[in-house]
Structures are given as structure tokens and as C-alpha cells.
Amino acid sequence: KYFFQIIASQEQGPPHGPPPQWANHKCAGPPPAIKNPQKCCEIQQMFTEEEMASCGINKFEEENRQGPPKPPDCNKQECLLKSKDCLNDDGSINHKAVAEHLNNWASEEWKPAVEAAVAVCLGENEVPGPPHICEANRLMFCIGGVIFSECPTWQDNDDCKQLKEHINECKAAKFPPPN
């Protein structure tokens, strides 16, 4: 649940909306209005409650949130990455350490999702995502998004089916990321 809090709290896209050339594409906007998307795929925590608390990340309380989620402070994400030795001395992301942490975290059924996340999020020199968002937040959003979209335990209900269709259609469309 904490992991999804991190995912759900990430800012998506440029601060003023998508560029005009793809503003009307249905994948430029959010997925269908699903009440509890995190219920479509239960992802085990990647960080312990103690690690989250020590980095100042409070337990997700959906019912108390007002307005859309805000991206967490980059220092909090960097703190989590430091807790797993995933930052280099200069503060940059240690791609090899992140990949190792993900592989250690994943059970056998989650290995394909982790492999996809490593390929997408750590395969280039720069973590994908909008440049105005710090690298740690881009990394956490990317990993969380890929793992969520590749979930091996997707729930079989109407909301989740609708969300999965949106994810698959937009993934198949090779919709350009807002870099």
C-alpha cells in the first residue's frame, strides 16, 4: 500500500498539460475514473513501514486526502533509495543497485514485471519522465507504473478490466512520454 502511495502521488506529465500535438489523444489524460485503482493489483511493499516513517512518508489515508495527490518531496524519495543503498555518493541513482533491490524484492510471479521495469526505467542513462520532476521521483513513478501495468495478479472486476484495457491500449499505442 505504501508503494502504491508513492506511485499514486507522482505528478504526471508537464505542469501545463500535454503538448498540443497529442493533447486530444485519449492516452494523454488520466485513465478511466476508477474508485480504487490500487485494489486492481495488490503490490507488496518495497520498503518497510519503518523505512517509510524514517523518511517522513506517512501511511496513505485515501479518505483524508483532499484534492489530487501531490508528488512527494524529492528528499523523501532519495531517503528511501538511500535506505537500500540505491544512490551513488554524488546523489545520482545507482541503476545496478536499484535493479538488484527490485530483483531481491520480487517473488517468482513478480519477476517478469520487475524485468520490464528494469528495462524501461533503468535501461537508459537517464530515468524517463518529465525533466522538471527530480530523478528519484521519476524513478519511483516509472518503476511503480511499469510494475502496476505488468501486474500478475490483476483483479477480475469491471473497474479493473476497464483500467487494464486503458493501460494495454496506451502501452500498445507507444504513446510518447512527456519528456
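One is the number of the first residue; the rest follow in order along the sequence. Values below: every heavy atom of this structure, side chains too, minus hydrogens, waters and symmetry copies. Fair warning: this is a prediction, and the values are worked out from it, not measured in the lab.
- Side-chain rings of Phe47 and Trp105 stay apart, their centers remaining 6.0 Å or farther from each other.
- Applying the 6.0 Å contact sphere to CD of Glu108 captures no more than 12 heavy atoms from other residues, nucleotides or ligands.
- Lys76 places no side-chain N or O within donor-acceptor distance of the main-chain N or O of Cys55, the cut-off being under 3.5 Å.
- By the 4.5 Å heavy-atom criterion applied to side chains, Glu51 and Lys84 are counted as neighbours.
- The number of heavy-atom neighbours closer than 6.0 Å to CG of Asp89, taken from other residues, nucleotides and ligands shown, is 12 or below.
- Remark: Asp158 CG is loosely packed, at most 12 non-hydrogen atoms of other residues, nucleotides or ligands lying under 6.0 Å away.
- Between Cys41 and Cys160, the SG-SG separation does not fall below 2.5 Å.
- For the pair Val127 and His95, the tightest heavy-atom approach, listed with the atom from each and the gap, is CG2-NE2, 4.2 Å.
- Asn94 contributes a side-chain N or O that, together with a main-chain N or O of Lys96, makes up a donor-acceptor pair within less than 3.5 Å.
- Separation of atoms CE (Met52) and SG (Cys79) is listed at 10.0 Å; rounding is to 0.5 Å.
- Looking at Cys121 and Val146, their side chains come closer than 4.5 Å, going by heavy atoms from C-beta outward.
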Under the side chain to side chain contact (heavy atoms under 4.5 Å, CB included) rule, what do Lys111 and Val114 come out as? Steps first, then yes or no, please. CA-CA 5 Å; Lys111 293 287 184 191; Val114 164; 5.6 Å; no
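- Closest approach of Ala116 to Glu150, counting heavy atoms only: CB-CG, 4.0 Å.
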Between Leu122 and Leu139, does a side chain to side chain contact (heavy atoms under 4.5 Å, CB included) hold up when you go through it step by step? CA-CA 8 Å; Leu122 300 170; Leu139 176 69; 3.6 Å; yes
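- The SG atoms of Cys151 and Cys40 do not lie less than 2.5 Å from each other.
- When atom types are taken as modelled, the side chain of Gln155 and the backbone of Thr153 share a donor-acceptor pair closer than 3.5 angstrom.
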Apply side chain to side chain contact (heavy atoms under 4.5 Å, CB included) to the pair Asn103 and Trp110, showing each step before the final yes or no. CA-CA 9 Å; Asn103 283 315; Trp110 286 91; over 6 Å; no
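- A pairwise comparison of heavy atoms in Val120 and Pro128 identifies O-CG, 3.7 Å as the closest pair.
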Applying side chain to side chain contact (heavy atoms under 4.5 Å, CB included), run through Met46 and Ile143 and close with a yes or a no. CA-CA 11 Å; Met46 229 180 245; Ile143 289 170; 4.1 Å; yes
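- Residues Pro37 and Leu163 share a closest heavy-atom pair of CB-CD2, 3.8 Å.
- Judged by distance alone, the side chain of Asn36 and the main-chain N or O of Gln38 form no donor-acceptor pair under 3.5 Å.
- In this structure, SG in Cys74 is found 10.0 Å from CD1 in Ile133, a value given to the nearest 0.5 Å.
- At distances below 3.5 Å, at least one donor-acceptor pair connects side-chain atoms of Ser149 with backbone N or O atoms of Gly145.
- With values rounded to the nearest 0.5 angstrom, Glu100 atom CD is found 9.5 Å from Asp85 atom CG.
- Taking both residues in full, the closest heavy atoms of Leu87 and Gly91 are given as CD2-O, 3.6 Å, listed atom of the first, atom of the second, then distance.
- Cys86 contributes atom SG, which lies 6.0 Å from atom NE2 of His101 (distance to the nearest 0.5 angstrom).
- Atom CG of Asn137 is separated from atom NE2 of His132 by 10.0 Å, given to the nearest 0.5 angstrom.
- Of all non-hydrogen atoms in Ala136 and Ile93, the two that sit nearest each other are CA-CD1, 4.2 Å.
- By the 4.5 Å heavy-atom criterion applied to side chains, Met140 and Leu81 are counted as neighbours.
- Between Glu78 atom CD and Glu135 atom CD the span is 8.5 Å, to the nearest 0.5 Å.
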